[in-house]
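Working notes, structure below.
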Amino acid sequence: AMMFSGHLGEVARVAVEEGAAGLSRFSLRLFTPIAPMLANSAEDVEETLERLGEAAFEYKLDGARIQVHKGGDDVRIFTRQLQDVTERLPEVIEWARAVPVRDFVVEGEAIVLRPDGRPFPFQITMRRLGRIKDVEHVRREIPLSSFLFDCLYLEGEGSVIALPYQQRIDLMSKVIPSSFMIPRIVTNDRAEAEGFLARALAAGHEGVMAKSLTAPYVAGQRGFHWLKLKAAVTLDLVVLAAEWGHGRRKGWLSNLHLGARDPESGQFVMLGKTFKGLTDEMLKWQTEKLLSLEVSRDEWTVYVRPDLVVEIAFSEIQESPRYPGGLALRFARVKRYRPDKSAAEADTIQTVMGLFQKQRGEGQPG
DNA sequence: AGGAGGGGATGCAGTAGGCT
DNA sequence: AGCCTACTGCATCCCCTCCT
């Protein structure tokens, strides 16, 4: 495992080039992890079907990606970053051994579910996955489920990464119990796909993945054969402060502190920071603007009069041990500035708490 | 296509400090 | 001297968008 603890590029070089296969650049060996195939985002089902035509739609679970290698009695499990996490996931070892095929490599998602099958927040899965000590004890309290969506190698077939996706799924379905397969449909019908997406979201999941039926497994690449579809949620928040950037952002105010309005106190509740989504032009503009609003500063940060409103996209609201409001945005990024809005029109902490409750509700029974 | 810019959370290991 | 807690730093998981 030591040799794979380094950077992704190292691993890519370790894998053997397979020029003859053309589309699939790397061959696969058991117990040598291969860089996972990645996805791009799509706006909606319509765009997805335009790009892919008839496609597979699968639930997108907010867990941790796993690549499971089995050779005889030996099982090894790798993360997206190709870390060997075998010892932490006894559940996976058990089902992999139970599959009546000697050798395989499959990919999927490991996630912690509630008894009724709805997902816990990602934080819970992380709590479990990060746990190294007392694994046998935590697995009773935080059991891990697996849902598989691809097959890279199969006894009797060898490497199947060059095969079209639908053929890989067909091969996998013959040996993997259906309860371990990710919920999936194949369609070119917009309404059907939209219904499937709505069910995924209603079940508390992140959204869906849409996948070309004909594409090979393109290791390590973020191509357009796989597209992710998620619910788009944004908040209009107020910039409370900004930190000086590093590297190519040196000299610009980059990392924004974001706050929601609290009508009761008239103050703003910080929900986290972001530096994502900013073009150089926006960096330049906001540096000038924020300096004009400066009220104080320290070594890294310029604090400003709460005035500027930004539209912020994010993936979910998390419980935060760090911020006073007890909530923080996960993967916040700037969509655009809202010069048309004043700070008094920004979204409130009550709105954020409402979204958080709704989010929890979707992950809970009833 | 890859790098840069850094977000939040977790668990773990190490250290500091207080207490018995 | 030994034990407990608190804090910090590190590695790892999840992820995005812009720029070269």
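Sequence lines set the chain letters: A, B, ... in the order given, protein chains first and strands last, and positions in each chain run from 1. Note that this is a predicted model, so its numbers are computed, not measured.
Comparing atom distances between the Gln123(A) side chain and each of dA9(B), dG6(B), dC12(B) picks out dA9(B) as nearest. Among dG6(B), dT20(C), dT17(C), the nucleotide with an atom closest to any side-chain atom of Lys335(A) is dT17(C). Of all nucleotides listed (dC15(C), dT10(B), dG5(B)), dC15(C) comes nearest to the side chain of Lys228(A). The side chain of Arg131(A) lies closest to dC12(B), out of dG8(B), dC12(B), dC19(C). Taking only side-chain atoms of Ser41(A), from C-beta outward, the nucleotide of dG8(B), dA13(B), dC16(C) with the closest atom is dC16(C). Listed candidates were dG8(B), dC13(C), dT10(B). Nearest to the side chain of Arg127(A) is dT10(B). You'll find that the side chain of Ser254(A) is closest to dG6(B), out of dC15(C), dG6(B), dT10(B). Distances were taken from every side-chain heavy atom of Gln221(A) (C-beta onward) to each of dA1(B), dG8(B), dG6(B); the shortest belongs to dA1(B). Counting only heavy atoms from C-beta on, Lys230(A) has its side chain closest to dC16(C) among dG8(B), dC13(C), dC16(C). For Phe331(A), the side-chain atoms get nearest to dG7(B) when compared with the rest of dG6(B), dG7(B), dC16(C).
Between Arg190(A) and Glu50(A) there is no salt bridge, since none of the side-chain N atoms of the basic residue sits less than 4.0 Å from a carboxylate O of the acidic one. Ion pair Arg97(A)/Glu94(A) not flagged as a salt bridge, since none of the NZ, NE, NH1 or NH2 atoms sits closer than 4.0 Å to an Asp/Glu carboxylate oxygen. Under a 4.0 Å N-O distance rule, the pair Glu91(A)/Arg128(A) qualifies as a salt bridge. A salt bridge links Asp280(A) with Arg248(A): at least one charged nitrogen is closer than 4.0 Å to a carboxylate oxygen. The existence of a salt bridge linking Lys60(A) and Glu109(A) is excluded, since no basic side-chain nitrogen approaches an acidic carboxylate oxygen closer than 4.0 Å. At a threshold of 4.0 Å, the pair Asp347(A)-Arg261(A) does not count as salt-bridged, since none of the basic side-chain nitrogens sits closer than that to a carboxylate oxygen. Salt-bridge annotation for Asp236(A) and Arg336(A): absent, with no side-chain N of the basic residue lying under 4.0 Å from a carboxylate O of the acidic one.
Atoms CD1 (Ile317(A)) and C1' (dC14(C)) sit 17 Å apart, rounded to a whole Å. For the pair Leu258(A) CG and dG6(B) P, the computed distance is 15 Å after rounding to whole Å. Between Arg248(A) atom CZ and dG5(B) atom P there is a gap of 8 Å when expressed in whole angstrom units. Following rounding to the nearest Å, Ile312(A) (CD1) and dC15(C) (C1') show an atom-to-atom distance of 15 Å. For Phe224(A) and dA1(B), the CZ to C1' distance is 12 Å, given to the nearest whole Å. Put simply, CD on Glu206(A) is 6 Å from P on dC15(C), counting in whole angstrom units. For the pair Ile124(A) CD1 and dT12(C) P, the computed distance is 22 Å after rounding to whole Å. Rounded to an integer number of Å, the gap from Glu311(A) CD to dT17(C) P is 13 Å.
Both Leu61(A) and Thr279(A) lie near DNA chain C, and the one whose nearest nucleotide falls closer to the 5' end is Leu61(A). Nearer to the 5' terminus of DNA chain B, by closest-nucleotide assignment, is the contact made by Trp244(A) (compared with the other of Trp244(A) and Pro321(A)).
In this structure, dG3(B) and dC18(C) make a Watson-Crick or G-U wobble pair, each of the two defining distances being under 3.5 angstrom.
In terms of phosphate contacts, Gln83(A) brings a side-chain nitrogen or oxygen within less than 4.0 Å of OP1 or OP2 of dT12(C). For the OP1/OP2 pair of dA4(B) and a distance below 4.0 Å, the side-chain nitrogens and oxygens of His246(A) include no atom meeting the criterion. A sub-4.0 Å separation between OP1 or OP2 of dG6(B) and a side-chain N or O of Arg249(A) is absent. Look at Asn255(A) and you'll find a side-chain N or O under 4.0 angstrom from OP1 or OP2 of dG7(B). Contact check, Arg330(A) against dC14(C): no side-chain N or O comes under 4.0 Å of OP1 or OP2. OP1 or OP2 of dA9(B) lies within a sub-4.0 Å distance of a side-chain N or O belonging to Ser320(A). Here Arg322(A) reaches the OP1 or OP2 of dA9(B): one of its side-chain N or O atoms lies under 4.0 Å away.
Within 4.0 Å (heavy atoms only), Thr274(A) reaches no atom of the nucleic acid at all. Across all strands, Tyr323(A) comes closer than 4.0 Å only to sugar-phosphate atoms, never to a base (heavy-atom distances). Among the protein residues, Arg128(A) comes within range of no part of the nucleic acid, since none of its heavy atoms lies under 4.0 Å from any strand. Note on Lys276(A): a base of the nucleic acid sits closer than 4.0 angstrom, heavy atoms only. When heavy atoms are screened at a 4.0 angstrom cut-off, Ala328(A) is found touching the sugar-phosphate backbone but no base atom.
For Ser254(A) and Trp244(A), the side-chain atoms include no donor-acceptor pair closer than 3.5 Å.
Between dA4(B) and dC15(C), the distance separating the two C1' atoms is 15 Å to the nearest Å.
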